[in-house]
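Working notes, structure below.
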Amino acid sequence: MSAVIEARNLSRWYGNVLGISEITLDIEPGITALLGPNGAGKSTFMKIITGQLKANIGQVRIFGQPVWNNRHIFRRLGFCPESDAFYEELNGLEFLTGLLSLYGYDRKECLDRANRALELVELKDVSRRPIRSYSRGMRQRIKIAQTIAHDPEILILDEPLSGLDPLGKRRIIRLIKEFRDAGKTVVVSSHVLPEVEALTSEIILIHNGKILARGDIHFIRELLDSHPHMIRVKSPQYRELARLLAAEEYVLNITFEPEASAVVFETHHRDRFFNRLNELVLDPGLDLEEITSPDDNLQAVFDYLVGR
Amino acid sequence: MKEEILRVFSFYFFLGRKSGRTRTFFLLSSMAVLMALVIRTYRLAGHWTEDGQVVFQNFLMVFFLQFLIVLLGLFYGSSIVVEELDNRTLPYLTSRPVRRAAIILGKYLAYLSLTTVMLVFAVLLSYLILNLDAEFQAKDLLTVLRYSAILWLGLAAYLSFFSFLGTWLKKPILVGLAFGFGWESVIQYFPGTTQKLSVAHYLKSLLPQYTSSSGKLGFLFIRLEPTKPALAVAILAGIILVFLVLACLFFTYKEYLFED
């Protein structure tokens with residue numbers, strides 16, 4: 001399959017701050033997810049491929065054409081920016097018809113397309129309400145509606161699931177998958193791994209402005225599983241718990257936090273650790289007050305992957 | 001291009017009609033009407049003897065020419081880009097199939113139309129309130145229409161200049177205030193060609209009856225060395241054109257970053 005989006009050696013700085021560095025990649029039809037912690041460079045990359053920003057070095061082409069100031073490309077592209085920004089004076093329908101009118105559609109076609117998009121994001125009932133009265137989830141959905149209303153071939157969605165409740169997320173994920181099934185190219189960014197897993201198996205890991213890894217979700221999962229996990233257990237019998245688990249070969253390190261009556265385990269096998277923990281709770285009858293994972297966030301995993 | 005400008009114009013004219021800013025500035029421009037009403041009431045009560053024409057001339061020079069059109073031009077012109085940056089709505093525009101120059105020109109025309117309505121409403125109504133009596137003649141109406149046209153030309157020039165300032169600077173309001181109410185006022189007192197480095201000079205040159213010191217605020221024009229009317233109109237048209245072109249060029253080639 002030929003690449004729809006081609007980025008070559010893209011680099012971008014904001015003064016002395018690096019946005020992205022030497023990103024080269026081809027994106028083909030289907031869903032591609034950019035996964036990385038906040039500040040990784042996902043939004044910068046998306047702004048460059050949608051012609052909002054220029055790269056300091058390198059070039060990006062969509063359908064073989066440069067993007068900056070290319071209105072022919074913009075007709076075929078839908079962009080959902082990350083920021084929660086709107087023309088607050090307008091209602092949902094006016095917002096969509098107004099933006100659609102910029103494509104040159106007549107009044108009737110603007111209305112038809114706007115209504116269709118509102119139906120897809122399930123906001124038809126509130127389309128006459130001012131956007132300023134919308135909930136966070138509704139605002140996110142109207143933003144997605146403006147992305148899809150002109151039926152673009154490429155959708156660039158910057159954190160499209162943020163602010164949505166679980167049901168809203170499911171709806172949008174289903175919608176994005178429908179676009180994939182229709183043969184469109186969808187680029188989605190997120191800093192939440194489970195969200196990305198629900199969307200696609202084609203993932204690009206981005207960190208500190210660089211592509212860390214690219215591939216199938218299973219490959220990424222393996223990479224992540226090689227990262228020792230930290231598990232913090234709070235218990236009145238935290239020392240006894242530590243003694244019992246110290247014998248297990250998958251426990252790599254134990255740190256005590258006496259002031260909090262807690263112990264932090266480091267393990268490279270989470271499943272086996274939790275199985276054993278369950279046995280200990282049931283068998284000797286240990287009391288557990290709280291189990292948390294201090295590093296169970298993408299930033300920690302990325303720090304590990306880049307060897308920090 | 002024309003069609004793209006019209007698309008942007010329609011969207012922003014509609015948006016502008018619904019915005020709180022339009023209501024605020026409409027109220028502000030209506031201050032002239034309110035003042036005219038107060039003065040007319042005083043005159044009817046016999047406490048104000050000055051002729052309606054003279055009072056309106058003072059309105060024209062102080063409120064409309066040196067305050068309202070500068071303020072409308074500043075706040076609408078500089079906001080063409082800055083409001084999109086401050087509200088983070090710029091990507092909605094710059095990811096649509098319209099040329100960046102069309103965005104500037106479409107918004108400029110939309111805002112010029114909105115501010116023209118405010119201006120003409122205030123000028124006509126305040127003039128009529130002050131002068132509509134038994135001696136009122138059709139030629140008086142022509143006079144006020146001519147005043148309105150001159151003010152409109154000034155509004156278009158300021159709007160164009162401040163549009164350019166908005167595409168160039170991140171925070172154009174302070175610079176705009178200093179230019180509009182500092183430079184434009186002070187420079188009028190300078191003799192010779194220096195005073196020609198202002199928009200106000202050419203507007204005042206189009207009001208020949210004010211070249212001598214007449215009325216309460218005649219001292220404002222003592223040093224006015226007027227430019228010929230035809231040349232003044234040509235220069236004002238040139239200002240509009242040059243700064244619009246510059247604004248379009250800046251917006252086309254410059255990239256805009258949000259604060260963070």
Side-chain angles (χ1 to χ4, degrees), chain A residues 12 14-15 17 19 39 43-44 46-56 67-91 94-107 110 130-132 143 146-147 150 152 154 156 158, chain B residues 1-25 79-107 110 114 170 248-260:
Chain A
R12 166 77 206 199
Y14 301 98
V17 180
S43 291
T44 299
M46 291 194 146
K47 283 175 187 161
I48 290 174
I49 63 171
T50 53
Q52 307 301 305
L53 286 181
K54 291 182 208 168
N56 293 115
V67 182
W68 177 260
N69 275 350
N70 189 337
R71 61 189 197 286
H72 305 294
I73 291 295
F74 294 151
R75 190 169 279 282
R76 304 167 74 179
L77 186 137
F79 177 44
C80 175
E82 185 188 10
S83 53
D84 180 46
F86 298 93
Y87 302 103
E88 304 277 349
E89 304 91 342
L90 302 181
N91 65 38
E94 289 165 345
F95 176 62
L96 292 190
T97 51
L99 292 178
L100 280 165
S101 70
L102 298 177
Y103 289 85
Y105 301 129
D106 61 29
R107 175 91 190 125
C110 286
I131 291 178
R132 64 172 164 266
K143 215 160 65 178
Q146 67 79 30
T147 313
H150 58 289
I154 303 174
I156 311 289
D158 199 355
Chain B
M1 179 80 159
K2 196 175 130 196
E3 203 189 308
E4 288 172 27
I5 295 170
L6 276 175
R7 288 182 217 159
V8 178
F9 169 83
S10 307
F11 180 45
Y12 277 93
F13 188 73
F14 176 74
L15 200 61
R17 270 171 39 212
K18 297 196 83 170
S19 83
R21 181 178 56 187
T22 303
R23 281 191 290 276
T24 307
F25 279 103
S79 73
I80 284 180
V81 173
V82 172
E83 69 182 353
E84 305 288 348
L85 284 172
D86 288 348
N87 301 332
R88 294 171 171 267
T89 46
L90 191 63
Y92 292 130
L93 278 181
T94 50
S95 61
R96 308 288 151 184
V98 283
R99 289 177 185 91
R100 287 187 174 220
I103 294 173
I104 294 291
L105 296 175
K107 284 192 80 172
L114 286 167
K170 262 187 183 173
C248 291
L249 285 173
F250 261 77
F251 191 62
T252 302
Y253 294 107
K254 193 180 165 187
E255 56 173 18
Y256 294 88
L257 300 176
F258 296 133
E259 277 296 301
D260 56 351

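Side chains are part of it too, since the values below use all heavy atoms of this structure and drop only hydrogens, waters and symmetry mates. Order of the sequence lines sets the chain letters (A, B, ...), proteins ahead of strands, with each chain counted from 1.
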Would you mind telling me which of B:L93, B:T252, B:L6 has the largest number of heavy-atom pairs within less than 4.5 Å of chain A? B:T252

Could you tell me which portion of A:H150 (side chain, backbone, both or neither) has an atom closer than 4.5 angstrom to a non-hydrogen atom of chain B? side chain

Report the C-alpha distance between A:Y105 and B:R7 in whole Å, list the side-chain angles of each, state the deciding distance to 0.1 Å, and finish with yes or no for side-chain contact (heavy atoms from CB on, under 4.5 Å). CA-CA 9 Å; A:Y105 301 129; B:R7 288 182 217 159; over 6 Å; no

Greater than 12 external heavy atoms within 6.0 Å of A:Y14's OH: yes

So, the part of B:R100 with a heavy atom under 4.5 Å from chain A: the answer is side chain

Heavy-atom contact with chain A under 4.5 Å, split by part of B:Y92: both

Given A:N69, A:T50, A:V67, A:I73, the one with more heavy-atom pairs under 4.5 angstrom with chain B than any other is A:N69

Given that the side chain runs from C-beta out, which part of B:E4 has a heavy atom under 4.5 Å from chain A: side chain, backbone, both or neither? side chain

Would you check if B:I104 and B:V81 make a side-chain contact, meaning some heavy-atom pair closer than 4.5 Å? yes

Taking A:T147 for the side chain and A:G78 for the main chain, is one N or O donor matched with an acceptor at less than 3.5 Å? no

Of all of A:R76, A:H72, A:R12, A:K143, which one pairs up most often with chain B through heavy atoms under 4.5 Å apart? A:R12

A:R75 side-chain N/O to A:Y103 backbone N/O, donor-acceptor pair under 3.5 Å: yes

